[in-house]
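Starting from 1, each residue takes its place in the sequence as its number.
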Amino acid sequence: MTEDGEPKNASIESRLELLERSVGALSEEIAAIRATLAALATRPTSVRPLHKPDISPRSRPSPPRRAIVFGEGLDIERLLGRYGMLGIAVLAAAAAVGTFLSWAVNRGYLTLPPAARIVVGLLFAAGIGAWGFRLRQRERSFGSSLLGLALVVVLVCAYAAGPGLAVIPEWLAFAGAIAVSWALAIFARRESDEPLWCVAFGGAAIAPFVTSSGKGNIYGLVVYAASVLIAACYAIGPRPWNVAWRVFFAGATLLVTTAATVSRSHGLSGFLFALALPVVAALGGVLPFAMASRQRAALRWLWVLAVAAGFAAPVGKSLGPSVGGALFIVLIAWLVTLDWVSTVEQSSVFEANRRRTTMLDWIDAAILPLALALQTTYALREVVPIAVPYSIEVAALLLFAWRRPLSATRDAAIAALLILAVAALYALHPEAPTVEVIGILALGLAALALHAARPSMTWVAGCVVLIVQAAGITTFALTGRPAYTTPPFATEASLAALCVTLALIVISYVRPLLMSAMDAVRSGRENDLGRAIVIVAPWAWSFWWGFLELAMAFSKSTSTLLLVVYFAACAVFGVALGHRRQSGGVRKTGLALALLAAATAVYGATSFFVVGMRVLAYLVISAFLLGIAYWYRRPGSLDRPVTEAAAAR
């Protein structure tokens with residue numbers, strides 16, 4: 001090797017040359033492969049197999065079985081064929097066993113003693129259960145349904161052994177039925193088997209009816225129904241089972257409505273048991289076991305059933321305190337429960353309503369409390385003045401709404417609160433229009449004050465409705481007076497109108513204090529329209545009040561002349577105020593009133609004015625209109641003052 005490294009450089013150059021030749025060869029091979037593949041892709045595939053494949057059933061590969069989720073993605077045909085027919089079959093089988101036992105009781109055709117008949121039913125259930133247990137190894141869904149049917153037959157036999165055939169004490173029969181229902185709930189939960197649960201729960205819900213002996217035991221029925229519903233919630237709670245929840249809602253409806261119907265023949269105690277059934281099922285089953293995505297819907301449905309059970313309440317003065325107290329407890333229980341689950345996402349029984357969260361919030365916080373409150377007040381109507389329960393219910397709803405953050409739930413609760421407050425006011429029977437107007441205005445101003453403390457658009461809307469109602473009552477009182485018999489501004493209706501005016505002035509005065517509350521509920525939306533209405537309302541009402549007073553003053557001609565002067569004076573005042581505030585709208589309103597005054601003067605002069613009044617009307621109009629014209633003709637009368645900000649620009 002030389003000192004300048006020539007042999008080393010020659011070695012590196014030879015290696016690079018060898019590498020370049022290798023890369024070139026690889027590129028040529030890749031190009032050839034691509035050409036071959038392209039030719040094969042364009043050639044028709046007519047290759048015959050070397051041997052005929054074996055297509056016998058034994059050698060044919062079975063397609064992979066897709067797991068079918070119960071209740072999801074079903075069309076009408078599959079729903080009826082797979083589940084509807086199965087459900088009807090189960091109900092028919094349970095009805096067959098129950099009808100057989102009832103027929104045996106009523107006719108006495110069978111020579112078997114009652115205990116033997118129950119044993120026959122249990123053996124039948126054991127046979128179905130054994131068949132279903134064996135079938136579950138191959139057909140899990142159908143085998144589970146047969147197991148559920150076997151448990152249903154056991155429940156029917158247990159129910160028949162007690163109230164039907166009196167083979168065992170009724171309490172023992174109910175205890176056995178409850179034990180069976182809990183056993184099936186635990187089994188369905190452990191196996192995560194929705195068909196088993198649906199069949200078993202559906203059969204358990206109808207077991208008391210297929211063995212009916214003509215006499216209803218409301219207490220045993222309610223205890224059994226509550227246990228079945230709680231057990232059902234325990235089994236279904238952690239599972240996202242769509243069909244199962246629908247079956248639960250249907251079964252709960254059947255049990256609660258039946259209990260309410262049967263309670264009519266059991267007096268106060270039967271009604272209290274029936275009313276407690278949905279509440280116990282909600283507090284003992286839905287709250288501890290139901291998953292969050294189903295909780296609100298189940299609670300709402302059970303309280304709807306409680307409202308339906310409330311219509312079965314017995315009437316009577318002696319029963320009023322007990323019935324009203326029970327309904328009030330249900331109302332408070334609903335408000336406490338709703339407060340407890342307020343952070344849980346909204347859900348609905350019907351899938352179409354699950355995205356309408358605002359509507360569901362209004363059902364929860366307005367419709368249900370309002371229905372329970374009205375039922376409570378109706379039950380207590382003969383015991384205490386109905387204004388008392390209304391006031392207590394208003395306080396309860398106010399406490400609930402006060403705890404809620406700014407949301408549709410707070411708005412809904414406030415709406416129910418205001419309705420009950422108005423009902424309490426009218427329960428006091430205000431006979432004089434002034435008293436009625438003062439009460440309504442007081443409620444409106446109180447709503448506005450509460451809006452400043454706990455903002456809600458319902459407070460504002462309620463205040464507007466109440467003010468409009470007071471103005472309407474006052475207008476009817478003013479127009480209902482005999483015409484031309486009383487002096488203007490000197491009647492009780494005039495006092496009511498003055499109260500409305502003062503209320504509007506107060507609202508206009510406190511408007512700046514409510515800006516932060518309005519910004520909170522309107523989320524930065526423009527408030528110019530509302531501000532303009534609040535500012536204009538006192539002036540508009542005052543003008544309307546003066547018009548109604550003067551239109552019925554003394555006589556027709558005198559009232560017309562007074563209206564001419566009134567319109568002209570208001571016109572001058574409007575133009576002057578418009579010039580002072582540099583408001584074109586106010587000035588135009590003043591001009592319109594001036595034209596109205598002139599038209600009124602012409603009408604009176606051509607209709608019924610005597611010569612003296614005609615001349616006076618024309619002079620009044622002339623003086624006022626000349627003053628307005630002079631004002632407009634002054635130099636710079638329409639020029640707006642240059643503000644400092646404009647001058648700075």
Side-chain angles (χ1 to χ4, degrees), residues 335 358 361-362 365-367 369-370 373-374 377 387-428 430 433-475 496-523 525 527 529-538 540-541:
L335 294 179
T358 301
D361 286 333
W362 275 78
I367 296 178
L370 194 59
L374 294 177
T377 306
V388 175
Y390 275 139
S391 302
I392 297 174
E393 292 154 2
V394 166
L397 279 170
L398 179 60
L399 178 61
F400 172 78
W402 205 268
R403 289 176 50 84
R404 301 270 55 78
L406 184 60
S407 60
T409 302
R410 183 200 287 183
D411 296 339
I414 292 172
L417 181 157
L418 291 175
I419 293 173
L420 292 176
V422 174
L425 172 65
Y426 280 98
L428 299 174
T434 304
V435 177
E436 183 180 359
V437 168
I438 291 175
I440 294 174
L441 292 176
L443 290 178
L445 294 177
L448 209 58
L450 291 171
H451 169 65
R454 299 294 287 174
S456 171
M457 277 305 297
T458 309
W459 291 125
V460 179
C463 178
V464 171
V465 171
L466 291 171
I467 296 295
V468 170
Q469 181 183 1
I473 295 171
T474 304
T475 300
L498 177 62
C499 293
V500 175
T501 306
L502 294 176
L504 292 174
I505 293 173
V506 169
I507 293 174
S508 179
Y509 179 77
V510 302
R511 177 188 58 82
L513 303 177
L514 301 175
M515 292 302 297
S516 59
M518 291 301 299
D519 291 338
V521 298
R522 294 182 65 86
S523 301
R525 286 183 289 176
N527 293 322
L529 179 60
R531 182 165 54 249
I533 292 175
V534 171
I535 294 174
V536 172
W541 170 254

Determine all donor-acceptor pairs shorter than 3.5 Å in which one atom belongs to a side chain in residues 414-426; sequence neighbours excluded.
{"from": "Tyr426", "atom 1": "OH", "to": "Glu436", "atom 2": "OE2", "distance (Å)": "2.6"}
{"from": "Tyr426", "atom 1": "OH", "to": "Gln469", "atom 2": "NE2", "distance (Å)": "2.8"}

Apply side-chain contact (heavy atoms from CB on, under 4.5 Å) to Arg404 and Arg454, showing your working. CA-CA 9 Å; Arg404 301 270 55 78; Arg454 299 294 287 174; 5.9 Å; no
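In terms of heavy-atom proximity, Ala503 sits nearest to Leu441 at CB-CD2, 3.9 Å. In terms of heavy-atom proximity, Val521 sits nearest to Ser456 at CG1-N, 3.4 Å. Shown here for Ile507 and Val534, the closest heavy-atom pair between the two residues is O-CG1, 3.9 Å. Closest non-hydrogen pair, Ala447 versus Trp459, comes out as O-CB, 3.5 Å. Taking both residues in full, the closest heavy atoms of Gly444 and Cys463 are given as O-SG, 3.4 Å, listed atom of the first, atom of the second, then distance. For the pair Val437 and Ala496, the tightest heavy-atom approach, listed with the atom from each and the gap, is CG1-O, 4.0 Å.
In terms of the side chain to side chain contact (heavy atoms under 4.5 Å, CB included) criterion, residue partners of Ala387 (sequence neighbours excluded) are, by chain and number, Ala427, Leu428.
For the pair Arg410 (side chain) and Thr458 (backbone), a donor-acceptor distance under 3.5 Å is absent. The main-chain N or O of Pro405 is found under 3.5 Å from a side-chain atom of Ser407 such that the two form a donor-acceptor pair.
Annotation: the span from Leu445 atom CG to Ile440 atom CD1 amounts to 12.0 Å, rounded to 0.5 Å. A distance of 14.0 Å separates CH2 in Trp402 from CG in Leu397, rounded to the nearest 0.5 Å. To the nearest 0.5 Å, atoms CG (Leu448) and CG (Leu466) are separated by 11.0 Å.
Pairs engaging residues 498-514 under the side chain to side chain donor-acceptor pair (under 3.5 Å) rule: Thr501-Trp541 [sequence neighbours left out].
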